[in-house]
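Everything on this sheet refers to the single structure shown next.
Just so we're clear, the structure is a prediction, and the values are computed from it rather than from any experiment. In what follows, chains are A, B, ... by sequence order, proteins preceding strands, each numbered from 1.
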There are 2 protein chains.
Amino acid sequence: MGVKERRAREKEQLQRQILSAARELFVSEGYEKVSMRKIANKIEYSPTTIYLYFKDKADLLDSVCKETLLNLLNTLEQLKSDISDPVETLRKSGRAYVEFGLKYPQDYKLTFVIRPQFQKGLGLEEGSVGEQVFNYLREMVSECIRQQVFRQVDVETTGQVMWSAVHGVTLLLIDFPDFPWTERDKLIDTVIHTTIEGLK
Amino acid sequence: MGVKERRAREKEQLQRQILSAARELFVSEGYEKVSMRKIANKIEYSPTTIYLYFKDKADLLDSVCKETLLNLLNTLEQLKSDISDPVETLRKSGRAYVEFGLKYPQDYKLTFVIRPQFQKGLGLEEGSVGEQVFNYLREMVSECIRQQVFRQVDVETTGQVMWSAVHGVTLLLIDFPDFPWTERDKLIDTVIHTTIEGLK
DNA sequence: GTGATATAATTAACAGTGTTAAGTTAAATA
DNA sequence: TATTTAACTTAACACTGTTAATTATATCAC
């Protein structure tokens with residue numbers, strides 16, 4: 001009676017196939033320029049098959065973004081070892097966040113800019129991966145405050161300030177690649193350093 | 001022989017009419033969801049007439065964004081009176097920038113997020129309005145450095161850090177309106193205050 | 001005022017879009 | 001082997017940006 005199991009496995013496999021085809025195309029051509037037919041061609045199925053696995057194009061985007069957030073979360077979680085020096089950990093996390101965005105610029109934009117335009121339910125709801133990412137940041141900041149390194153005692157505000165800084169520099173670097181930026185690493189470091197110093 | 005002049009005036013008027021119809025629709029429905037036919041309907045011309053005044057849809061977006069940048073520049077320029085207290089002026093400018101973004105969230109996104117996706121030539125080239133906006137910021141920062149209020153002496157980096165902060169918080173507030181943000185004004189003030197303190 | 005000219009605006013068309021409903025094929029069950 | 005069920009496809013709808021060809025209109029010279 002392993003038939004159902006196999007079929008379920010096959011369904012899951014095709015779903016993943018669709019998803020990764022969609023991601024590849026979204027990243028290389030941009031969400032709007034990718035058609036359901038293009039995705040279908042890539043996986044060698046008819047366009048309508050996709051609708052058996054995803055509600056619509058926005059749902060596809062949704063799933064792609066969820067994966068991206070999971071990747072971001074994993075990247076970050078590998079850093080929270082040193083609780084002894086919370087500021088250094090926060091600094092590293094900030095850097096890792098920006099670097100993630102610059103390593104996968106299109107994925108970052110899809111998740112944090114394009115998606116909100118289509119899905120009003122931002123993907124930061126309770127229990128979501130997005131919330132987990134922000135929880136990670138909250139923890140980092142919380143430890144800094146607990147050890148009385150930061151002036152400001154409001155964890156929420158402090159976290160949001162930090163997020164603003166890294167989100168801002170990430171998007172600017174992605175969106176305006178031809179702007180005469182200061183040397184990349186220097187700019188990123190200065191943004192993070194400035195924010196942390198300002199919070200002390 | 002004022003015929004040519006009148007004709008030119010009429011052409012210009014229709015061009016402006018198209019532009020303002022496009023802006024209204026872009027803002028209320030989003031760039032992607034607005035069709036040339038919708039714009040044409042609004043101004044009661046056939047769709048193809050638009051192509052006599054604008055190269056294509058991206059060109060329309062381009063013109064809309066240029067206007068937005070001009071508005072932003074005007075808003076900012078009204079503030080640079082007090083050279084005596086450059087930090088206070090910078091603080092006010094930062095607030096004005098964010099408030100502009102939140103007052104016209106769709107225009108802000110069109111200009112700083114959507115447009116870069118279509119026009120690789122970011123609108124920050126030499127002599128452009130975008131450059132003027134950044135020049136304004138440069139001046140503010142420059143004065144702070146001249147009066148030795150800021151630690152960092154690199155005008156470019158300092159300005160870019162400031163821009164990152166305000167851009168970041170503006171976009172986050174626009175894109176994730178349902179996130180449990182700290183009280184808006186407090187968050188904005190803290191972001192700006194933190195950045196300035198960090199730069200001192 | 002009439003005819004020629006230039007310019008403004010339109011219609012028709014093309015190749016493409018997301019998505020739905022109906023139809024077909026293939027596989028698992030009885 | 002016949003029947004049921006799940007997976008997939010075909011055909012269609014109303015729409016998209018954009019181009020080429022066509023029509024209408026207003027200005028000019030006479």
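The distance between atom NZ of B:Lys38 and atom C1' of D:dC15, rounded to the nearest whole Å, is 10 Å. Between the CG atom of B:Asp59 and the P atom of D:dT18 there is a distance of 10 Å, given to the nearest Å. Per the geometry, CD1 belonging to B:Ile39 stands 16 Å off P belonging to C:dA9, to the nearest Å. Separating the CG atom of B:Asp56 from the P atom of D:dT18 is a distance of 5 Å, rounded to the nearest angstrom. Counting to the nearest Å, the C1' atom of C:dA22 and the OH atom of A:Tyr51 are 17 Å from each other. Whole-Å rounding puts the B:Phe54 CZ to D:dG17 P distance at 15 Å. One interatomic measurement links the two molecules: NZ of B:Lys57 to C1' of C:dG16, which rounds to 14 Å at whole-angstrom precision. Separating the CZ atom of B:Arg9 from the P atom of D:dA26 is a distance of 17 Å, rounded to the nearest angstrom.
The cationic atom of A:Lys11 (NZ for Lys, CZ for Arg) lies less than 6.0 Å from the six-membered ring centre of A:Tyr53 and within 45° of the ring axis. For B:Lys57 and B:Phe118, the positive end is not near the middle of the six-membered ring at less than 6.0 Å and at most 45° from its axis.
Around NZ of B:Lys38, the count of heavy atoms belonging to other residues, nucleotides or ligands within 6.0 Å exceeds 12.
The shortest non-hydrogen separation linking A:Tyr51 to A:Asp56 is CE2-CA, 4.0 Å.
Under the side chain to side chain donor-acceptor pair (under 3.5 Å) criterion, B:Thr68 pairs with B:Arg23, sequence neighbours left out.
For A:Arg37 against C:dG18, a side-chain N or O and a base N or O form a donor-acceptor pair under 3.5 Å.
Listed by residue number, the members of residues 15-32 of chain A with any heavy atom below 4.0 angstrom from DNA chain C form an empty set.
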Distances under 3.5 Å between nitrogen or oxygen atoms of protein and nucleotides 5-10 of chain D:
unit_1	atom_1	unit_2	atom_2	d
D:dC8	OP2	A:Tyr53	OH	2.6
D:dT9	OP2	A:Ser46	N	2.8
D:dT9	OP2	A:Ser46	OG	3.0
D:dT9	OP2	A:Thr49	OG1	2.4
D:dT10	O4	A:Thr48	OG1	3.3

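In this structure, a donor-acceptor pair under 3.5 Å is present between the side chains of A:Gln160 and B:Thr182. A donor-acceptor contact closer than 3.5 angstrom is absent between the side chains of A:Gln13 and A:Gln17.
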Requested in this report: Test ring-ring contact (aromatic ring centres under 6.0 Å, His included) on A:Phe112 and A:Tyr108 and set out the steps.
Outcome: CA-CA 6 Å; A:Phe112 290 102; A:Tyr108 188 84; 4.6 Å; yes
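Of the options B:Val166, B:Val169, B:Thr158, B:Val161, a side-chain contact (heavy atoms from CB on, under 4.5 Å) to B:Thr195 is made by B:Val161 and by none of the others.
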